[in-house]
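Worksheet: one structure, shown below.
A note on names: the letters A, B, ... follow the listed sequences, proteins ahead of strands, and every chain is numbered from 1.
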Amino acid sequence: MTERTLRVAIAALASIGLGIAGYLVYARYADVALVCSTGGCETVQHSRYAKLVGIPVAVVGVVGYALILCAAVARGEAARAAGVALSTVAALFAAYLLVVQVAVIHAICQWCVASDAVIALVTALAVLRALSYRRAENAR
Amino acid sequence: VPRTQAAPPVQAPKRRTESRGSTRLSRRAIYAIAVGAAVALAATLVAVSQLVGSSAERTASSRLTGVRATAGLLAGIPQEGTTLGRAHAPVTLVEYADIQCPYCGQFAREVLPTLVRRYVRKGDVRLEFQGLARVGPDSYTALRSVTAAGEQNRLWNMLDLLYRNQGPENSGWVTPQLLQDASLAAGAEPSRVARDATSSAIANRIDAVERQASAAGIDSTPTFAIGRTGGRLHYLPFSSYDPREFGRPIEQLLAR
């Protein structure tokens, strides 16, 4: 995959993630029930793990995805490194939250799982972006 | 002339190699720093998530009895509003109860754990709680909060905790502190429970249950109705709080 293809793919996935996190923020502040087929979305969203020092995790997600989107749009080594760093933070924290859902809250939020899948893909593509650019550089 | 021409090709590749090597190293350093910072930041986020709020939870749990027992009993069992257990479980057992009633507490402590372990956890029975507030003002205060916890699918956790911490009837044991601690230990958001508990929607729901129970002639608590899920429910007579008394009709219905 070319650098450009990877950037477009990461930007598209980050936009999807932004949409998911944005929906969760909207539902929280508008106080509307989440569309949920797993039955555990409200339980997860109102557990104590849904906030970080008073800030809803969904808001942190919106900020995180926005930063990943910016890193995907930007060119250069700094943008590639920022993309890897941001997606790694997000993937690790998402993995922790998934464990919390399964082992502590005992409820699954489908939106969180969808976001987990998105961030896993973003991380893989961000690493590929960094590696593919290096290969191209070395081949020159 | 040959000497001056020969000099550059010898030195030039050397310089190129050095330059490429140093760039590669600096890139490696950049990515090492980026990933290191990412891991450190993720660890900080996890630590903050674990620590913030856990002290409040610990304090709440220390003021209550049976927090671990309740969490262990109900962990992993689906809840939705007033129901506990798989939605399509073959048997439904409805309990009409008052949170202040001592016999309801006895049932919760002596019978419910066995039923949950034997039937609800396996997906054979779904339990439904129909709350009544007949003993006195504490009943209504507690019932409003427990019904509000149902909005977060944590009704059964909060109900079980209140039964384990039940005080003498109308002694004022249902304090705001107890309700806050119980909702927190139940895994619900206390501020939302407190807000929903005073809503007209919750009050209307409680009134509807009371009207339905009165119409059905239910004059004591606890009262149970049992049947195949989706079918007609029948009044379940019992003479003691022995889990076997409740297990037998469940087994009969499951065998059908």
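On the SG-SG cut-off of under 2.5 Å, A/C36 and A/C41 qualify.
The greatest number of non-hydrogen atom pairs below 4.5 Å with chain A, out of B/R154, B/R192, B/Q152, is found for B/R192. The candidate from B/V46, B/V39, B/L41 with the greatest count of non-hydrogen atom pairs under 4.5 Å with chain A is B/V46.
Contact of the B/L178 side chain with the B/L64 side chain is registered, since non-hydrogen atoms from C-beta on lie closer than 4.5 Å. Residues A/I108 and A/V44 fail the side-chain proximity criterion, which asks for heavy atoms closer than 4.5 Å. No side-chain heavy atom of A/V57 sits under 4.5 Å from any side-chain heavy atom of A/Y49.
Residues of residues 85-96 of chain A that come within less than 4.5 angstrom of chain B, heavy atom to heavy atom, are A/A85, A/T88, A/V89, A/L92, A/F93, A/Y96 in numerical order.
For the residue pair B/N157 and B/Q79, a side-chain donor N or O sits within less than 3.5 Å of a side-chain acceptor on the partner.
To the nearest 0.5 Å, atoms CZ (B/R126) and CD (B/E80) are separated by 9.5 Å.
B/L127 pairs with exactly one of B/L84, B/I77, B/T82, B/V94 by the side-chain contact (heavy atoms from CB on, under 4.5 Å) rule, that one being B/L84.
With a threshold of 4.5 angstrom between heavy atoms, B/A75 approaches chain A through its backbone and through its side chain.
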